[in-house]
Amino acid sequence: VFLAGYHVAISSGMEYCEADFLGVEVTGATLGIIGMGNVGYKIALRAKAFEMNILYHNRTWRKEQEEQAVGAIYCEKVDNLLQQADFVTVVVSLTPQTHKLIGEREMELMKPTATLITSAIQVPSRTVDSLGLVTALQTGVTRAAALDVTCLEPLPRVRMLLKLKNVIVTPHLGIKTDKATYMITEEAAENILAALNGLPIPSEVFPS
């Protein structure tokens, strides 16, 4: 709504704003987080500030005190989360298990008023079936989508996702702030120095 409103506001022919030019209220809405790792939990903390109801699906339960801190409820089956959420955000790494985790079947389980948000932490992201998403958005199975990561980056200009009015696509900007960029660069330097000096690597990732 804000993006569309911006274009209306700067258009040369603007004389009034449509009365039905309305957004969707997040306060009191249900957010479903698929992938409650560090990033997913940070999203839950911010959603709590907006007084959202939080559901999450993860390989493992978060600690009880962590759940209580954000008011999150665990869904053992992702289907249960999809059926209840008003907003669904996918925050998982790409693995054989998460490849096309959200396909046509999963989108049909979602409310027709729901919004799908992808902020997966793998480049490129194939955790969502792009063709299935296009169909769901065109037919009204899914109300809208906001994509910070896509199956190809950048998306070819001919891709239908770029032509739909109920989609917002951003070029992988989730961590693009001055502070975050500085922290990442500093952490990378610390890891390199540790490796060169034969010390334990602070951010070493071990195969699961």
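We find the CG-CG distance between L116 and N166 to be 11.5 Å, quoted to the nearest 0.5 Å. One distance of note links SG of C75 with CG of N80; it measures 5.5 Å at 0.5 Å rounding. Once rounded to the nearest 0.5 Å, the distance linking CD of Q84 with CD1 of I73 reads 8.0 Å.
A distance-only check finds no donor-acceptor pair linking the side chain of N197 to the backbone of L199 [under 3.5 Å]. Side chain of N191 to backbone of E187: a donor-acceptor contact under 3.5 angstrom is found. At least one donor-acceptor pair closer than 3.5 Å links the side chain of T27 to the backbone N or O of F50. At distances below 3.5 Å, not a single donor-acceptor pair connects side-chain atoms of T170 with backbone N or O atoms of L173. Of the possible polar contacts, none joining the D129 side chain to the K100 backbone as a donor-acceptor pair under 3.5 Å is found. Side chain of T118 to backbone of V149: a donor-acceptor contact under 3.5 angstrom is found. A donor-acceptor pair under 3.5 Å is formed between the side chain of Y74 and the backbone N or O of N58.
Within a 6.0 Å sphere centred on CD of E64, heavy atoms belonging to other residues, nucleotides or ligands number 12 at most. Within 6.0 Å of CD in E76 there are 12 or fewer heavy atoms belonging to other residues, nucleotides or ligands.
There is no path of hydrophobic side-chain contacts, each under 4.5 Å, that joins V91 to I175.
Partner R143 forms a side chain to side chain donor-acceptor pair (under 3.5 Å) with one of D86, T115, T113 and no other, that one being T115. V167 pairs in a side chain to side chain contact (heavy atoms under 4.5 Å, CB included) with only one of the listed residues (T142, L162, L137), which is L137.
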Are L164 and Q138 close enough, and set up right, to give a side chain to side chain contact (heavy atoms under 4.5 Å, CB included), and what steps lead you there?
-> CA-CA 8 Å; L164 298 175; Q138 288 176 322; 3.8 Å; yes
Given side chain to side chain contact (heavy atoms under 4.5 Å, CB included), test R105 with D79 step by step and report yes or no.
-> CA-CA 10 Å; R105 186 192 76 86; D79 289 7; 3.0 Å; yes
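Sorted by first then second residue, the side chain to side chain donor-acceptor pair (under 3.5 Å) pairs that include residues 45-57, not counting sequence neighbours, are Y56-E67.
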